[in-house]
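For ligands, and for the atoms within them, numbers begin at 1 and follow the listed sequence.
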Amino acid sequence: MGVARSRSLVVLLVIASLCIPIVGVVLISWNLALHSYQRQLTYLSESMLSRTQATLDEAKAALDEIKRYASIPCSEEHITEMRRLVANNRSIVGMGYRGENGLLKCSDYGPPKVAMPRSEAIPYVMDNGLHMIPRLATQMAGSEPRVLLYVGSNEVLVDPRNLTDIVSTEDEQLAVTLDQAGLVIEKNHPDRELVRLLQRKPAPGSQDSHVYSVAKEGPWTAIAMSPIRVVHTEFRKLLFVMLPIALVISVLFIFLGLGVIRKRASIEGRLATAVKEHAFTVHYQPIIDIRTGACVGAEALARWPQPNGEYIAPDIFIPQAEKNALIFSITDQVIETVVRDMAEALRAEKDLHISINVSAADMSSGRVLSVLRRLLAEASIPSEQIWLEATERGLMDVESARQSIQRAHTAGHSVALDDFGTGYSSLTYLEALPIDMIKIDRSFVATIGQVTAKSPVLPHIIDMAKTLNLRCIAEGVETEVQLEYLTGKGIEFAQGWYFSKPLPAAEFIAFLAQPRADARRAY
Ligand code: C2E
Ligand code: CA
Ligand code: CA
């Protein structure tokens, strides 16, 4: 990874680590603030509705009660009762009785001094027979309109402020409306336009200027709204608490991300250096003919030695190298090393072979063949003694895979399909490829003698190889039981810790030289 790329990755990481938690916290805080305020407004509007209902109930009860005294209308007794009801009911501010002609005959003040006809406004008639004039102007100058309620001759005047008589702050603007009549009462000057809108579309929400909530029951709509700045205040308070949390998360992200980037950069950077310095070595894992016990060759496995004497496993650096062109140099170095280490042994023993792993890119480009041709010729090693191991991944496209294998055959190499059984190979796919043998993946060998989901697969794999007339190499043989099983199944070759771990060149040559009188028992 280039320094520039690594730097831009760090910049990206820092930006993302900062932005994501901060934007998240801002959004969450805003929504929390908005919704908590909306809940408060919903509570207020619902309270107004129940105040409205209670007020109407009170008026109705008073009207029901006064009816009993109307047998002698406007008698002393009747008027006293009206006064008592006005005094005892908080929302009722007046009562009256009208004659047939609609003129007021008496009120809780007694008989009127002037003729007082009934309002000409069209009343709203409720289900329970109550007639209502929601905004009745009173004679008293500067006083609020009243709500007039009547049944027959009896009427009550209600102060509509009772409908909004709930605990609220100055920022909470309230309104109660009636479907046919519109606004009945408001408090703290709510935006009239918004009130009209919400009466038509009663749903909680917010807009640029206001946050609001609505409660509706029958013809009544109670609306509570506040300027949006109250949400801003709440939002800032929340942000004050949440932002530090977001920052902690950001810092955590940055640290974790930096760790990953540094590790990747260091592996990538060091890998490039290692390639440049030809730092790789090769270990050889013996491949045994399990029918005779003879060692017929070895698989060459790349090793990356570390200053502390350990090795980085190829499982880590090979996939990394495959992401860029480094893999080509590694393959070349493995081939060079094999030729250097094994030329003598291979020339001395014509039946011996070395298996080399080739990656997908090596396989499809065919370049590995020209490298081999040159180096093998220089060392006078017959190409038949070098086998190639390709994974299914390297042979994905059947047609070009067929050609690659064909080219390898023409050059004299045998080709094995590595990690067999872990991919998607079907019988038809395998039939189309002129491969010489398969390497049964060690995960299948590990199931021998065990009951696992994978264990029923192994016999099929072996059958498949037999049907296709392919030789088999079993990988990862660790136990006598596994060896017995594989021998029983007629498998020719095996490799694994049971015979030997991968060995440095000199040790492998020594391994070859060991006399094995009774081959099977030698391990
Ligand atoms: P692979 O080709 O399947 O190689 C066999 C792996 O199994 C080796 O791991 C070997 O050390 C390990 N092994 C052998 N016997 C046993 C056993 O009895 N038990 C267990 N548990 N493991 C055993 P290694 O050397 O770490 O190689 C890992 C993989 O890296 C190889 O898998 C191969 O795909 C890749 N690789 C190694 N060298 C090269 C190379 O030169 N070029 C390419 N392209 N890939 C390579
Ligand atoms: Ca292999
Ligand atoms: Ca393998």
Looking at side-chain heavy atoms only, is the closest gap between [X] and [Y] below 4.5 Å?
X      : Y      : answer
Leu369 : Leu388 : yes
Val214 : Gln199 : no
Ser168 : Leu174 : yes
Thr281 : Pro504 : no

Could you tell me, for ligand 1, which of its N or O atoms are under 3.5 Å from any protein N or O, listing the pairs and their distances rounded to 0.1 Å?
| unit_1 | atom_1 | unit_2 | atom_2 | d |
| --- | --- | --- | --- | --- |
| ligand 1 | 2 (O) | Glu299 | OE2 | 3.0 |
| ligand 1 | 2 (O) | Asn357 | OD1 | 3.3 |
| ligand 1 | 2 (O) | Asp418 | OD2 | 3.0 |
| ligand 1 | 3 (O) | Asp419 | OD1 | 3.2 |
| ligand 1 | 3 (O) | Glu475 | OE2 | 3.3 |
| ligand 1 | 7 (O) | Arg442 | NH1 | 2.5 |
| ligand 1 | 15 (N) | Gln285 | OE1 | 3.4 |
| ligand 1 | 15 (N) | Gln285 | NE2 | 2.8 |
| ligand 1 | 15 (N) | Trp497 | NE1 | 3.4 |
| ligand 1 | 18 (O) | Trp497 | N | 2.8 |
| ligand 1 | 19 (N) | Glu478 | OE2 | 2.5 |
| ligand 1 | 21 (N) | Glu478 | OE2 | 3.2 |
| ligand 1 | 25 (O) | Arg303 | NH1 | 2.8 |
| ligand 1 | 25 (O) | Arg303 | NH2 | 2.9 |
| ligand 1 | 38 (N) | Ala302 | N | 3.0 |
| ligand 1 | 42 (N) | Asn357 | O | 3.4 |

Query raised in the report: Taking all atoms of both residues into account, what is the closest heavy-atom pair of Glu299 and Ile287, and its distance?
Result: N-CD1, 3.9 Å
Query - For Trp220, ring-ring contact (aromatic ring centres under 6.0 Å, His included) partners two or more places apart - result: none
Requested in this report: Using ring-ring contact (aromatic ring centres under 6.0 Å, His included) as the criterion, list what pairs up with Phe317, not counting sequence neighbours.
Outcome: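 For Phe317, the residues satisfying ring-ring contact (aromatic ring centres under 6.0 Å, His included) (neighbours in sequence not counted) are Phe280, Trp304.
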Requested in this report: Could you please tell me which protein N, O or S atoms lie under 3.0 Å from the Ca ion (ligand 2)?
Outcome: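 Sorted hits: Glu299 OE2, Asn357 OD1, Glu389 OE1, Asp418 OD2.
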Requested in this report: Could you tell me how the ring of Trp30 sits relative to the ring of His232: parallel (under 30°), tilted (30 to 60°) or perpendicular (over 60°)?
Outcome: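 Taking His232 first and then Trp30, their aromatic rings sit tilted (interplane angle of 30° to 60°).
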Requested in this report: Look at the side chain of Ser383 and the backbone N and O of Ala411, then say whether any donor-acceptor pair between them is shorter than 3.5 Å.
Outcome: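 Flag set: sc Ser383 to bb Ala411 pair under 3.5 Å.
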